[in-house]
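Note sheet for the following structure.
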Amino acid sequence: MADFKRKTLSLSTGKQIKLFGDSIAISKALELAEAYAPNILSASLNNTEEKATRAVCNPYRLTEPEILELADYNIRLWMELKDNIRKHGLESPKIFKQES
């Protein structure tokens, strides 16, 4: 199973890919990319004089159902990509969706 630590994506085949960002993103067209900014929901570090604590940063004030909906949307995109690769093979541009 793939693992992502210290900006390195390690695959079960032994291949390692050094990334610049902190995550991997999928677009509506099913294209994959590195994501750089955790700007929708993230953990932030609050430094006070006494101690450092972690807090949730939710700048859009998304609710729990909205976050779960966003997770479902991304899961669906990843599943569509998997299905398209199985159906068309990795060399076919048909694995991607046309954006209008």
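Put simply, Tyr73 and Leu81 are part of the same group of oily side chains (I, L, V, M, F, W, Y) that touch within less than 4.5 Å, one to the next. The same ILVMFWY cluster, assembled from side-chain heavy atoms under 4.5 Å apart, contains both Phe4 and Ile26. Residue Leu62 is grouped with residue Leu41 when hydrophobic side chains (ILVMFWY) are merged at heavy-atom distances under 4.5 angstrom, including chains of intermediate members. Trp78 and Leu68 fall into different hydrophobic clusters, where Ile, Leu, Val, Met, Phe, Trp and Tyr are joined by side-chain heavy atoms under 4.5 Å apart, directly or via other members. Tracing side-chain contacts under 4.5 Å through hydrophobic residues (I, L, V, M, F, W, Y), one never reaches Ile75 starting from Leu70; they form parts of separate clusters.
Contact of the Ile24 side chain with the Leu9 side chain is registered, since non-hydrogen atoms from C-beta on lie closer than 4.5 Å. Inter-residue side-chain proximity for Ile95 and Leu90 is flagged as met; some heavy-atom pair is nearer than 4.5 Å. Looking only at side-chain heavy atoms (C-beta outward), Asp83 and Glu80 stay at 4.5 Å or farther from each other.
Taking CE of Met79 as the reference point, atom CG of Leu77 lies at 11.5 Å (rounded to 0.5 Å). The CD1 atom of Ile40 sits 10.0 Å away from atom CG of Asn58, with the distance rounded to the nearest 0.5 Å. Atom-to-atom distance recorded for Lys97:NZ and Lys28:NZ is 8.0 Å, nearest 0.5 angstrom. Taken from CD1 in Ile85 to CD in Glu91, the straight-line distance is 10.5 Å, to the nearest 0.5 Å.
Legend: residues meeting salt bridge (charged side-chain N to carboxylate O under 4.0 Å, His left out) with Arg6, ordered by chain and number and at least two apart, are absent.
Checking side-chain atoms of Glu34 against main-chain N and O of Phe20 turns up a donor-acceptor pair under 3.5 Å.
Applying the side-chain hydrogen bond (donor to acceptor under 3.5 Å, both in side chains) test to every pair with at least one member in residues 11-23, sequence neighbours left out, gives these pairs: Ser10-Gln16.
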